[in-house]
Amino acid sequence: MNRLAFIFLLISAPSFAQTRPLPGPDVQQIYNRLLPQIEKIPMFDHHAHPGFADDPDVDAMASPPGSVPLRERDTNPELIAAAKALFGYPYSDFSPDHAKWLVAKKTELKKQRGQQYFSDILDQLNIEQGVANRAMMADYLDPKRFVWVFFADSFMWPFNNERETARNADQQVYIPLQEKMLHRWMAQENLSKLPSHFADYLAFITHTLEDNQKKGAIAQKFEVAYFRTTRFSDPTREQAADVYERFVSGGIPTEREYRTFQDYIFRYLVTEGGRLHLPVHIHSAVGVGDYFNLSESNILNLESILRDTRYSSTIFAMIHGGYPYDRQAIWLAALKNVFLDTSETEILLYPSEFKHVLKQWLETFPDKITFGTDCFPYNEVLGAEESYWLGVQSSRTALAAALAEMVSEGEITEAQALHLAHGYLHDNAVGIYPGKVH
Ligand SMILES: [Zn+2]
């Protein structure tokens with residue numbers, strides 16, 4: 001090799017090359033090499049709702065009637081591919097007659113496999129362990145494979161909720177379920193009625209968090225964006241105590257009074273999350289329901305909480321990564337205690353578009369992003385099983401595509417690409433819960 005050729009080789013290696021704005025003709029080949037290696041990486045699913053369609057504990061809320069985006073409709077042909085891959089579904093549609101086959105197949109497997117049924121699904125998809133974000137854990141989920149994340153919102157709705165419920169059709173579905181959840185925590189803590197003093201109410205909250213942690217919970221989850229604005233003011237304890245003690249045994253606080261109380265409780269839960277090493281998961285993207293308010297739930301509303309040094313020992317996982325404000329969201333991950341999860345985004349978007357989200361995130365804070373499926377049992381036919389499959393396939397293919405472009409454009413080497421893939425699919429999330437997950 002002559003000297004000139006040697007220099008040429010050196011400067012064409014990624015570490016010396018100038019990056020390019022377009023991928024080269026090698027991008028497809030790089031994708032083809034990366035994808036099978038990505039499929040071999042055992043994953044940690046950071047956000048999911050495993051369970052059967054007839055199990056009311058799958059979530060602490062339910063979907064109200066309303067519009068469903070194209071890919072989430074039961075007409076999505078990808079769900080047939082999922083049923084074929086997971087269950088050997090022999091048909092190419094979900095006509096009522098054909099769907100019966102799938103229901104019968106699942107029933108038979110449930111009977112045969114018992115607690116192994118959902119572990120089998122994880123095995124088929126190469127998910128090593130996954131979060132079960134559920135109202136309560138189910139005895140049909142193997143605790144070695146599924147770790148519990150419980151819902152903490154209900155502590156914010158202890159008063160007469162007539163006005164809150166009447167706001168719109170979505171709230172008529174949500175608020176009664178929050179009341180039910182609060183009563184379950186009260187039953188767990190042997191409280192027949194709410195304490196009349198605020199200090200005792202805060203103690204009840206803390207005991208619930210501690211007891212849930214003893215039951216194996218690794219984090220607390222908020223889906224508060226479905227129920228109210230995520231702009232939180234900073235009231236004093238005295239202001240919150242005043243509202244609590246005036247309304248705990250009756251009467252309807254004004255909206256402003258209710259929010260003052262809730263804002264304090266939210267911050268109390270976040271603070272306790274730091275003290276107890278109980279990370280805080282927050283729904284931070286668009287949500288279901290026609291009345292979900294995008295601007296009132298914008299992930300940037302939470303910036304004042306995330307950048308507040310009083311909460312620097314609390315770890316935040318921003319569930320669904322703020323979509324459609326994903327470009328802004330990644331800059332919140334600059335904070336050492338803030339992580340972003342991609343669940344739901346990879347289902348709302350097709351992989352060709354989700355690739356852009358992932359690529360920008362991988363190019364910014366690649367060590368702060370985590371994978372999740374947001375699997376959910378939509379109904380008896382389209383179960384959590386199929387949505388697990390869709391989440392996994394979408395994330396892997398979009399990841400391989402994003403990394404292939406980054407390699408082809410001279411940003412990283414293929415070895416670095418695989419390192420980033422391990423981080424996103426497993427290592428980054430597992431690092432949040434030392435000794436608790438693997
Ligand atoms: Zn979810």
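When a ligand or atom number is given, it counts from 1 through the structure's own listing order. Model, not experiment: these values are computed from the prediction. Because only heavy atoms are used, hydrogens play no part in the values below, and waters and symmetry mates are left out as well, while side chains stay in.
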Undergrad: Give, for atom CG of Leu399 and atom CD1 of Ile41, the distance between the pair rounded to the nearest 0.5 Å.
TA: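 If I round to the nearest 0.5 Å, the distance is 7.5 Å.
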
Undergrad: Any donor-acceptor pair under 3.5 Å linking the side-chain atoms of Asn301 with those of Thr230?
TA: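 Yes - a donor-acceptor pair under 3.5 Å links their side chains.
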
Undergrad: Taking the six-membered ring for Trp and the single ring otherwise, decide whether the centroids of His283 and Phe292 are under 6.0 Å apart.
TA: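 Between Phe292 and His283, which both carry aromatic rings, the centre distance is below 6.0 Å.
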
Undergrad: Which residue pairs pass the side chain to side chain donor-acceptor pair (under 3.5 Å) test when at least one of the two sits in residues 381-392, sequence neighbours left out?
TA: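 Qualifying pairs, neighbours excluded: Lys106-Glu386, Tyr117-Glu385.
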
Undergrad: What do you get for the angle at the Zn ion (ligand 1) between NE2 on His49 and OD1 on Asp374, to the nearest 10 degrees?
TA: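 Vertex at the Zn ion (ligand 1): approximately 100°.
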
Undergrad: Taking the N/O/S atoms of His47 one by one, which is nearest to the Zn ion (ligand 1)?
TA: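 Closest N, O or S atom of His47 to the Zn ion (ligand 1): NE2.
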
Undergrad: Using a distance threshold of 2.8 Å, state whether an N, O or S atom of His283 lies below it from the Zn ion (ligand 1).
TA: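 It does not; every qualifying atom lies at 2.8 Å or beyond.
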
